[in-house]
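Written out below as structure tokens is the structure these notes cover.
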Amino acid sequence: MKISLITWNINSVRLRMPLLEQLAGALDPDVICLQETKCPDGKFPSSAIRKLGYDHMAINGQSGYHGVAILSRIPLTNIDKKSFCDMGDSRHVSADLALSAPAQSPIRVHNFYVPAGGDVPDPAENPKFAHKLGFLNEMESWFLDKKAGHIDRMVLVGDLNIAPFEHDVWSHKQLLKVVSHTPVEVEHLEKVRLSRGWVDLMRDHVAHDEKLYTWWSYRARDWSAADKGRRLDHVWVSPALSDFAGETRVIRDARGWERPSDHAPVLYRFET
DNA sequence: ATGGTGGCACCGCCA
């Protein structure tokens, strides 16, 4: 069975419904994981999304900030929304893809929006950075304790707001003290990855000396020409899924669409 | 070296 999944920080789901439609039309993914929906659940554009063919939704939104959602053509079960750091922020939703094909065990999808962390990379001085590190610590212990569930086949996607490797940013040297690429965050993220042996599929598919970005600031005069990007969005799979043939692809074109998000969608396609 | 843009909701906050 072929499955395709897109993760995308959409930066307002209501404002960018036309772009969501364009994306779904162009790539026809089975599952779409959104971050920064910026939309309370009561105002979520469910009927418009259903018209695109996504009858199953797991949404965790709030007014104005954050917000995540899983849109799916495949039925979703065991929907779970965890609040990290007791903040009540809408930064996580997970669900099982209830695959109908015979002998197909479910695949659990985790969709995360990790705190950006503010500007100053010092937890003593900047509570937002402390929150980011605390959030990552809690992710790690949650997965270590297996409180996230016992399913072997798992996908973790989302805006993790960290670009871990040298060529995940346009200038390793210039960004070493910039939040999203500091060594302390990268170490925290690596601990989360190790908690379940998650495989960083995007980087697996692109050589470590090649640049790979998913985000370009709105503040650049010409984002594409300057190309000062960062790889903030990720596709991780559990070891049980990593053996299946798969591909990941950054839909860079979408960054240049009309009134775009500052993040490009990332496509993950595999056969199981 | 600085400030640049964007979304939401409120008259600033967050990214």
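Worth knowing before you read on, the calculation uses all heavy atoms, side chains too, and leaves out hydrogens, waters and symmetry mates. Throughout, a chain's letter reflects where its sequence line sits, starting with A, and its residues are numbered from 1.
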When you get a sec, tell me which of [options] is the closest nucleotide to the side chain of [X]?
| X | options | value |
| --- | --- | --- |
| A/S12 | B/dA15, B/dT5, B/dC8 | B/dC8 |
| A/K128 | B/dC14, B/dA9, B/dG7 | B/dC14 |
| A/Y65 | B/dT5, B/dC13, B/dG6 | B/dC13 |
| A/H66 | B/dG6, B/dA15, B/dA9 | B/dA15 |
| A/N11 | B/dG7, B/dA15, B/dA9 | B/dG7 |

Say we look at [N] and [M]: how far apart would their [atom1] atoms be, to the nearest angstrom?
| N | M | atom1 | answer |
| --- | --- | --- | --- |
| B/dG6 | B/dT2 | P | 23 Å |
| B/dA9 | B/dT5 | P | 22 Å |
| B/dA15 | B/dG4 | C1' | 14 Å |

May I have the distance from [X] (atom [atom1]) to [N] (atom [atom2]), rounded to whole angstrom?
| X | N | atom1 | atom2 | answer |
| --- | --- | --- | --- | --- |
| A/L15 | B/dA9 | CG | P | 11 Å |
| A/K132 | B/dA15 | NZ | P | 9 Å |
| A/F129 | B/dA15 | CZ | C1' | 16 Å |
| A/H181 | B/dA15 | NE2 | P | 20 Å |
| A/D262 | B/dA15 | CG | C1' | 7 Å |
| A/D89 | B/dC13 | CG | P | 16 Å |
| A/K228 | B/dG3 | NZ | P | 16 Å |
| A/L232 | B/dC14 | CG | C1' | 15 Å |

Six-ring centre of [Y], [X] cation under 6.0 angstrom, axis tolerance 45°:
| X | Y | value |
| --- | --- | --- |
| A/R203 | A/F165 | no |
| A/R230 | A/W170 | no |
| A/K211 | A/Y213 | no |

| request: Report the residue (A/Y113 or A/K43) whose heavy-atom-nearest nucleotide on DNA chain B is the more 5′ of the two. | output: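 Looking at DNA chain B, the more 5' nearest nucleotide goes with A/K43.
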| query | Closer to the 5' end of DNA chain B via nearest nucleotide, is it A/N9 or A/S63? | reply |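 Closer to the 5' end of DNA chain B: A/S63.
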| field | Lys/Arg N to Asp/Glu carboxylate O, A/R252 vs A/D227, below 4.0 Å | value |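 The answer is yes: the pair qualifies as a salt bridge.
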| query | How about A/K228: does its NZ atom have over 12 heavy atoms from other parts shown lying under 6.0 Å from it? | reply |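 Counting other residues, nucleotides and ligands, NZ of A/K228 stays at 12 neighbours or fewer.
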| request: Give A/R221 one of three labels, base, sugar-phosphate or nothing, depending on what nucleic acid heavy atoms sit under 4.0 Å from its own. | output: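 Touches nothing.
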| Are OP1 or OP2 of B/dG7 and a side-chain N or O of A/R16 less than 4.0 angstrom apart? |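 For B/dG7, OP1/OP2 do have a side-chain N/O of A/R16 under 4.0 Å.
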| request: Any strand is fair game: report the nucleotide pairing with B/dG7 by Watson-Crick or G-U wobble, both distances under 3.5 Å, or none. | output: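 WC or wobble partner is B/dC13.
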| task | Among A/F143, A/Y113, A/W142, find the residue that satisfies the ring-ring contact (aromatic ring centres under 6.0 Å, His included) test when tested with A/H92. | result |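 Option passing the ring-ring contact (aromatic ring centres under 6.0 Å, His included) with A/H92: A/W142.
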